[in-house]
Every structure is written in structure tokens, then in C-alpha cells.
There are 2 protein chains.
Amino acid sequence: MTKAGPSGDELVVMLAALANPLRMRIVATLAGGRDYVSHLAREIGVSRPLLHMHLQRLEAAGLIVGTLELSSDGKAMKYYEIADFDLHLTASALVEAVTTLTRPGSEKGPAPEEQS
Amino acid sequence: MTKAGPSGDELVVMLAALANPLRMRIVATLAGGRDYVSHLAREIGVSRPLLHMHLQRLEAAGLIVGTLELSSDGKAMKYYEIADFDLHLTASALVEAVTTLTRPGSEKGPAPEEQS
DNA sequence: ATCACGTGTAAGAATTGTCTTACGCATGAA
DNA sequence: TTCATGCGTAAGACAATTCTTACACGTGAT
């Protein structure tokens, strides 16, 4: 019954995404309901390009989801909303996560060679 | 009855501490029992100075605790062990954490002015 | 004295992350 | 056409992380 959580690598990305005051605030704000980028930027008091960057990070982590919609007056609006997440962080939870971790400082391509 | 979790700022520090493959591995390893720095470094396969840095970050976040002891043969050994932590991350949990957040890119002094 | 083991810290390179400013394009309304 | 609104992205500055290498100090045993 051990519900499969995110892989170690995914968990790192999620935690890194949440480990930032501004992004935390973004998530908290979105928890109050979906919103589109420009409005959210005004709401929080951040420049739109900056917000855009953070939204990408959050979406890449799977914590929020973006949808491009067309308003009645023909404008393209990008709405973001929270993705349901529920992370339980304990020592033992981490022990399991580490199991599915790719090498610490490992790279993109196929690993060059494993030396014993 | 709402058990007071860490403040928003503290939470950010904790998450940032865990959002790293190596530190995650360190915590997971320590979950198997306390250990001293040099041994832990060999165990994980990292240089001692590097490990030292990460241990500091983890300790600063309150996730691990270090104790300097003297072995029977007179050597100074620094033992680290896990501090009990149990973080539950959900959207609503973050909403509450954000309440106790110091301004995003803000500094020490009193906040300049609140503009509606 | 020298070696093996433990501790710590400092300096610098390489990489990421954060943020601002300045562009680009599209729409509807005036 | 021009303005206000929406979208995105690129370039550069600046700060923070991460990691290596090198050093310093302590002990007990050879």
C-alpha cells in the first residue's frame, strides 16, 4: 500500500521549486483560485517577465498547471492553477526517495564509463 | 489545535536544504544511524570539505544535529544525527506558511511602505 | 620526527539562480 | 493609426551555490 511518491529526482525539483519565498507566495495565491499571468503579476507585485520565469519553474515541477485560453474579446490569456500535491517529508520518506536518485553530479548524455 | 509548524522563512530554509541530491543522500544515510564526518564522507564518496559544507546547511535548517565528542583514544570526533522532522506540504499548508514570510526580496530594516 | 587519523577553514573556479530592462507579436477599442 | 491589454523571450548584471585544492591544528603510535 506504499503509494508511490515522486522519484528522487522529481522530488528534488519539487522541493527546489518550493524553496523560494516568491514562488511559495505564488502557489499560495493560486490556492485562492486560478488566475492569469498579468493579473497575478499585479496581485503579487512582481514584473511579468520575472513571474513568467517562476511560473515555468513551478510548472516544470508539476506543482501548477497552465492553460492557454481565449477570452471572449479575443485575447489570449494564460491561466494557471494549482496541481494537487501532497508531500510528506520525513527521514524514512527520504530514504526511499534516495533510492531513485540519479548520480549526484551526473550529466545529461549516456554515462561515459563506470570505473570500479 | 493547529500544531504550529515552522515559520515561512524557516520552511524555505528547510526545503532549500533538502532540495539537493547530495544533502538528501546525507540525510538518508544518517537515517541509518549517527556517524562522524570523515567516515560519512567515505561512506557517501565525497570530499570532507564538501561534506562539511552540506552538513552545515542541514544543521542550520535544523534537520540534523551535530555533537563534538572525544573518542577513547583522544581524537575529536564530530557526530551527526537526524533531528526529527515531519513536514507536510500541501497547498493550504503553504498558504499558512506564507503568512509568516518576510518580504520576498526584502532586507532587514522596517518595510518601507505598503501601497494599495 | 613522521605517519595516520581526526577536526576545521580559506580561496578561487565553474555553475545556477534571480531579477531588470528591452524587445517582439497579437487583439479590440478609440 | 495609436493606445491599452494580453502573450512571450532574449540579454546582461548580480548574487548565491557548489565543488576542488590547499592549508592549519590536534592526537597517538611507529
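Bear in mind that the values here come from a model prediction, so they are computed numbers and not experimental data. Chain letters run A, B, ... following the sequence lines, proteins first, then strands; residues in each count from 1. The basis for the numbers below is simple: all heavy atoms, side chains too, and nothing from hydrogens, waters or symmetry mates.
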Can you give one letter per nucleotide of nucleotides 4-9 of chain C, going 5' to 3': B for a protein heavy atom under 4.0 Å from the base, S for sugar-phosphate only, - for none?
-BSBBB
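- Atom CE in B:Met53 sits roughly 7 Å away from atom C1' in D:dT17 (whole-Å rounding).
- What separates CG of A:Leu50 from P of D:dA15 is a distance of 16 Å, to the nearest Å.
- Between B:Arg23 atom CZ and D:dC19 atom C1' the separation is 12 Å, expressed in whole Å.
- Close to D:dT18, at under 4.0 Å from its OP1 or OP2, lies a side-chain N or O of B:Asn20.
- Rounded to an integer number of Å, the gap from CG of A:Leu51 to P of C:dT20 is 12 Å.
- If you chain together ILVMFWY residues whose side-chain heavy atoms come under 4.5 Å of each other, B:Val65 ends up in a group of its own.
- For the pair A:Glu69 CD and C:dT27 P, the computed distance is 18 Å after rounding to whole Å.
- For B:His54, the side-chain contact (heavy atoms from CB on, under 4.5 Å) partners two or more places apart in sequence, or in a different chain, are B:Asn20, B:Leu22, B:Arg23, B:Ile26, B:Leu50.
- Here D:dT20 presents its C1' atom at 14 Å from CG of B:Leu22, a figure rounded to the nearest Å.
- For the pair A:His54 and C:dC19, the criterion of a side-chain N or O lying under 4.0 Å from OP1 or OP2 is met.
- Atoms CG (A:Asp73) and C1' (C:dA29) sit 10 Å apart, rounded to a whole Å.
- The pair B:Glu69-B:Arg34 meets the salt-bridge criterion, with a side-chain N (NZ, NE, NH1 or NH2) lying under 4.0 Å from an Asp/Glu carboxylate O.
- By the side chain to side chain donor-acceptor pair (under 3.5 Å) test, A:Ser7 pairs with no residue at all, sequence neighbours left out.
- Checked by atom type, the side-chain pair A:Asp9/A:Thr102 shows a donor-acceptor distance below 3.5 Å.
- Hydrophobic cluster membership for A:Val95: none, as no Ile, Leu, Val, Met, Phe, Trp or Tyr side chain comes under 4.5 Å of it.
- Five base pairs at each end of the helix from C:dA1-D:dT30 to C:dA30-D:dT1 define two local axes, and these are offset by 20° (rounded to 10°).
- Here A:Met77 is tied into one hydrophobic group with A:Tyr36, A:Tyr79, each link being a pair of ILVMFWY side chains closer than 4.5 Å.
- Atom-to-atom, CD1 of A:Ile26 to C1' of C:dC19 comes out at 13 Å; the value is rounded to the nearest Å.
- Residues satisfying the side chain to side chain donor-acceptor pair (under 3.5 Å) criterion with B:Ser47, sequence neighbours excluded, are absent altogether.
- Partners of B:Gln56 by side-chain contact (heavy atoms from CB on, under 4.5 Å), not counting sequence neighbours, listed by chain and number: B:His52.
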